[in-house]
Structure formats: structure tokens, C-alpha cells
Amino acid sequence: MPSVIKALPLCPSSRPEVKNSLAFGIVVGSAKKPRVAYLSEPQAVTDQLLSIAKPVTPTEVFRFAATCAERDCEHFNGSDCQLVKRIINKSPMVVENLPSCRIRADCRWWQQEGKSACFRCPQIVTDIYNSTE
């Protein structure tokens, strides 16, 4: 009987330089209250996509997902993502219904923490360098 190889889940807090990363959201709102608007279809990271963000960095404009690095990630403790645990413990819920997220089925945060992660996810942005309006 052939063995089944399970693909690693997606990290929803990745960076664009990670191999096979996808943009799955756009940062909207204000510097003090950013929110992620989820794309109807995740987009492969290309030079053209990254150029849309100029003159700021792509991580100020987009949220990226890529295959979870597990043991190669500082947030992974061998079985769980500690980043999402900190987010749940320190961040308020910002939505009451599950956001329309196209990576949810493959998302490590969803698989690990369920709705608690999703209710906080829209406020998570990778980089904010210019916190003034």
C-alpha cells in the first residue's frame, strides 16, 4: 500500500522571498488600525506583483503565505506555531464572522487554533514602517 505524504500547511505570516509564496491579502485601513482585505484568489509572487507596492516594501501592502517552515522557524516549538498563540492571547478579536479567506483550508493557524485565529487575522500585518498618516 503506498504511503500518503501530507503536505505541510501554509504559514499566513510569511514573506515574499520565501519559495512558492502567495499574496492572499492586501493591507487596508490606517497605520494605527490596519486591516487585511482578502483576495478572491491568492496570487503567485512575481516581480510584477511586488512592483505594485513601490515605493514601500511589499510586506507593507500585502499579506503573504508560504509552506510552513516548521523546525526552521523561530515561532515553531516542534508541534505548534507559537506566533498564533501569542496573537490569540494578546490581540482582540476584530471580526465576529469568519473572513472570506481562500487559504483557510491549508492554513496552519486555522488548523491549529480554528476560529480564534481567524477572528484576529485581519489585523495582522507583517511590516508597518511609517506609522504616521
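Every value quoted in this text rests on a predicted model; they were computed, and no experiment measured them.
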With a 4.5 Å cut-off on side-chain heavy atoms, are Glu74 and Gln82 touching?
no

Are any non-hydrogen side-chain atoms of Gln112 and Lys85 less than 4.5 angstrom apart?
yes

Side-chain heavy atoms of Cys81 within contact of Cys11, under 4.5 Å
no

Would you say CD of Gln48 has more than 12 non-hydrogen atoms from neighbouring residues, nucleotides or ligands within 6.0 angstrom?
no

Heavy-atom closest pair, residues Ala23 and Val45
N-CG2, 4.2 Å

So, for Ser100 and Tyr38, which heavy atoms are closest and what is the spacing to 0.1 Å?
O-CB, 3.1 Å

Look at the side chain of Ser21 and the backbone N and O of Pro16, then say whether any donor-acceptor pair between them is shorter than 3.5 Å.
yes

Would you confirm whether Asn77, through its side chain, and Ser79, through its main-chain N or O, come within 3.5 Å as a donor-acceptor pair?
yes

Heavy atoms only: give me the nearest Pro9-Arg108 pair and the separation to one decimal.
CG-NH2, 3.4 Å

Output the rest of the hydrophobic cluster of Leu83: all Ile, Leu, Val, Met, Phe, Trp and Tyr residues reachable through side-chain heavy-atom contacts under 4.5 Å, sorted by chain and number.
Val84, Ile87, Ile88, Trp109, Ile124

Sidechain-backbone polar pair: Arg63 side chain, Val27 backbone, donor-acceptor under 3.5 Å:
no

Could you measure the distance from the OG atom of Ser30 to the NZ atom of Lys32? Nearest 0.5 Å is fine.
8.0 Å

Which salt bridge (Lys or Arg N to Asp or Glu O under 4.0 Å) pairs, counting each pair once, include a residue from residues 16-31, with sequence neighbours left out?
Arg15-Glu17

Could you please spell out the steps behind the side-chain contact (heavy atoms from CB on, under 4.5 Å) verdict for Leu98 and Arg104?
CA-CA 10 Å; Leu98 290 176; Arg104 181 174 295 119; 3.7 Å; yes

A side-chain contact here means heavy atoms from C-beta on lying under 4.5 Å apart; do Arg71 and Phe76 qualify?
yes

Can you sort out the partners of Ser40 under side chain to side chain contact (heavy atoms under 4.5 Å, CB included), two or more places apart, ordered by chain and number?
none

Indicate yes or no: at least one non-hydrogen side-chain atom of Pro12 is less than 4.5 angstrom from one of Ile103.
yes

CD-CG distance between Gln111 and Asp80, expressed to the nearest 0.5 angstrom
11.5 Å

Walk me through it: do Val18 and Phe64 pass the test side-chain contact (heavy atoms from CB on, under 4.5 Å)?
CA-CA 9 Å; Val18 175; Phe64 296 97; over 6 Å; no

Check the side chains of Glu113 and Ser116 for a donor-acceptor pair under 3.5 angstrom, ignoring hydrogens and angles.
no

Quick check: does any side chain N or O of Gln123 sit under 3.5 Å from a backbone N or O of Pro92, one acting as donor and the other as acceptor?
yes

Answer yes or no: are there more than 12 heavy-atom neighbours, outside Asn89 itself, under 6.0 Å from its atom CG?
yes

Does any non-hydrogen side-chain atom of Val94 lie less than 4.5 Å from one of Phe119?
no

Straight-line distance of Glu96 CD to Lys115 NZ, nearest 0.5 Å:
12.5 Å

Do Arg120 side-chain atoms and Ser91 backbone N/O form a donor-acceptor pair below 3.5 Å?
yes

Just so I know, are the side chains of Val36 and Val28 near enough to count as touching, which here means a heavy-atom distance under 4.5 Å?
no

Which of Thr67, Leu10, Leu8 passes side chain to side chain contact (heavy atoms under 4.5 Å, CB included) with Asp106? It is Leu10

Indicate the atoms forming the closest heavy-atom contact of Ala66 with Ser14, along with that distance.
CB-OG, 3.3 Å

First locate atom OG1 of Thr57, then atom CG of Leu50, and finally report the distance between them rounded to the nearest 0.5 Å.
10.0 Å

Check whether any side-chain heavy atom of Phe62 sits under 4.5 Å from a side-chain heavy atom of Thr126, and report yes or no.
no

